[in-house]
Structure formats: C-alpha cells, structure tokens
Amino acid sequence: QVQLVESGGGLVQPGGPLRLSCAVSGSRFFSGYDMGWYRQAPGKERELVASISRGGNTNYADSVKDRCTISRDNAKNTLYLQMNSLKPEDTAVYYCRIRNGDYWGQGTQVTVSS
C-alpha cells in the first residue's frame, strides 16, 4: 500500500524559511511518479503550489514563484519543498500527492506568524 508522510511544518516568522519533506513508502516506482505539493488554507479550496514531473520538470503557482523550490530524491523516495521569504498568506495545511496515482499524504500544518 502506497503511503505518503509529510513532515517539516511548524510555526515560522514572516520572512523565514521552511523545508517540507514527503516520504513515500510502499512503492518501488517513486522515480516514475509525477509529484506535487498542494495547500489548503481555512475556508479556501485546495490549490497546487508546485509540481515536479518524473523527468524533473517543475512548475509553480504564481503566488510562490521565486520563493519556493520543489525537488526530489529518487534514491530516498522523498519529495521536498523549500520555502523562503514566507508570508502570513502562506499559512495552510500542505499536502503532497502522487499525481499519476492520486495518492495523498495526511498534510502538515505551516503557520506563518510573528
């Protein structure tokens, strides 16, 4: 059974950095997955933050472009999201997803506040 477990969330001050991780288990095919980071703020719909294809092509939401970097380590079956210059509006639950299998993690809370 494929499982995704996010970690790295927490409380961070505005302008600070945070790195999220998503460990994928139960599959030998991580390198073949297209992956994505999503977020959902209270009262809002879940939105795509960043995606990375099996070939390493990346895409970002306009709201995080130039502040976030998505990456993957296929040897470790792990997806990352490096976030810099965080803003209060980045506060949300962040989820990782296997896009070509529609598997989701349980989410990790990111709160940006002074």
Side-chain angles (χ1 to χ4, degrees):
Q1 181 178 356
V2 178
Q3 289 189 318
L4 294 77
V5 179
E6 301 95 337
S7 61
L11 174 64
V12 62
Q13 292 190 341
L18 206 61
R19 189 174 87 151
L20 305 182
S21 300
C22 172
V24 178
S25 62
S27 173
R28 297 181 290 116
F29 304 110
F30 178 80
S31 62
Y33 292 147
D34 298 324
M35 301 294 299
W37 283 102
Y38 295 72
R39 69 185 180 187
Q40 187 167 20
K44 295 188 177 181
E45 293 187 353
R46 192 171 297 188
E47 63 175 355
L48 177 65
V49 177
S51 65
I52 184 167
S53 71
R54 70 197 77 181
N57 294 319
T58 59
N59 282 290
Y60 299 91
D62 288 342
S63 58
V64 303
K65 199 171 293 184
D66 299 327
R67 297 190 296 120
C68 290
T69 302
I70 187 172
S71 62
R72 64 193 299 161
D73 186 334
N74 291 335
K76 295 182 178 180
N77 281 16
T78 302
L79 179 72
Y80 302 100
L81 184 68
Q82 176 68 46
M83 302 188 291
N84 300 317
S85 303
L86 282 162
K87 305 175 181 180
E89 50 263 43
D90 294 317
T91 295
V93 178
Y94 284 72
Y95 301 88
C96 65
R97 176 192 180 195
I98 298 174
R99 303 187 74 193
N100 47 348
D102 203 24
Y103 295 97
W104 292 85
Q106 82 290 346
T108 186
Q109 175 71 47
V110 172
T111 302
V112 184
S113 175
S114 55

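Excluded from the calculations below are hydrogen atoms, water molecules and symmetry mates; all remaining heavy atoms, backbone and side chain alike, are included.
Only one option out of V112, V110, V64, I70 pairs with M83 in a side chain to side chain contact (heavy atoms under 4.5 Å, CB included); it is V110.
Screening residues 49-102 for ring-ring contact (aromatic ring centres under 6.0 Å, His included), with sequence neighbours left out, gives no hits. Sorted by first and then second residue, the salt bridge (Lys or Arg N to Asp or Glu O under 4.0 Å) pairs involving residues 67-89 (not counting sequence neighbours) are R67-D90.
Residue L11 is found outside any hydrophobic cluster, as its side-chain heavy atoms come under 4.5 Å of no other Ile, Leu, Val, Met, Phe, Trp or Tyr.
Summarising the geometry, atom CG belonging to L79 is positioned 6.0 Å from atom SG belonging to C96; distances are rounded to the nearest 0.5 Å. To the nearest 0.5 Å, atom OG1 of residue T108 and atom CH2 of residue W37 are 7.5 Å apart. Going from atom CG of L86 over to atom OG of S113 covers 12.0 Å, rounded to the nearest 0.5 Å. Rounding to the nearest 0.5 angstrom, the gap separating the CG atom in L81 from the CD atom in E6 is 11.0 Å.
F29 and I98 fall within a single hydrophobic cluster, where Ile, Leu, Val, Met, Phe, Trp and Tyr are joined by side-chain heavy atoms under 4.5 Å apart, directly or via other members. At a threshold of 4.5 Å between side-chain heavy atoms, the hydrophobic network of Ile, Leu, Val, Met, Phe, Trp and Tyr places V93 and V5 in two separate groups.
With sequence neighbours left out, R46 forms a salt bridge (Lys or Arg N to Asp or Glu O under 4.0 Å) with no residue at all. Residues meeting the side chain to side chain donor-acceptor pair (under 3.5 Å) test with Q3, sequence neighbours left out: none. In terms of the ring pair (Phe, Tyr, Trp, His ring centres under 6.0 Å) criterion, residue partners of Y38 (sequence neighbours excluded) are, by chain and number, W104. For R99, the salt bridge (Lys or Arg N to Asp or Glu O under 4.0 Å) criterion is met by no residue, not counting sequence neighbours. Residues forming a salt bridge (Lys or Arg N to Asp or Glu O under 4.0 Å) with D34 (at least two apart in sequence, or on another chain): R54. In this structure S85 satisfies the side chain to side chain donor-acceptor pair (under 3.5 Å) test with no other residue, sequence neighbours excluded. Taking the side chain to side chain donor-acceptor pair (under 3.5 Å) definition, one finds that T91 meets it with nothing, sequence neighbours left out. In this structure, the salt bridge (Lys or Arg N to Asp or Glu O under 4.0 Å) partners of D62, at least two apart in sequence or on a different chain, are K65.
Within the 4.5 Å cutoff, side-chain heavy atoms of S27 are placed close to those of Y33.
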If you look only at distance, which donor and acceptor atoms sit under 3.5 Å apart when one is on a side chain in residues 16-25 and the other is two or more places apart or in another chain?
none

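Residue D102 qualifies as enclosed at atom CG: its count of foreign heavy atoms under 6.0 Å is above 12.
Among all heavy-atom pairs drawn from A92 and R39, the shortest one is CB-CB, 3.8 Å. Residues S114 and P14 approach most closely at N-CD, 3.7 Å, considering heavy atoms.
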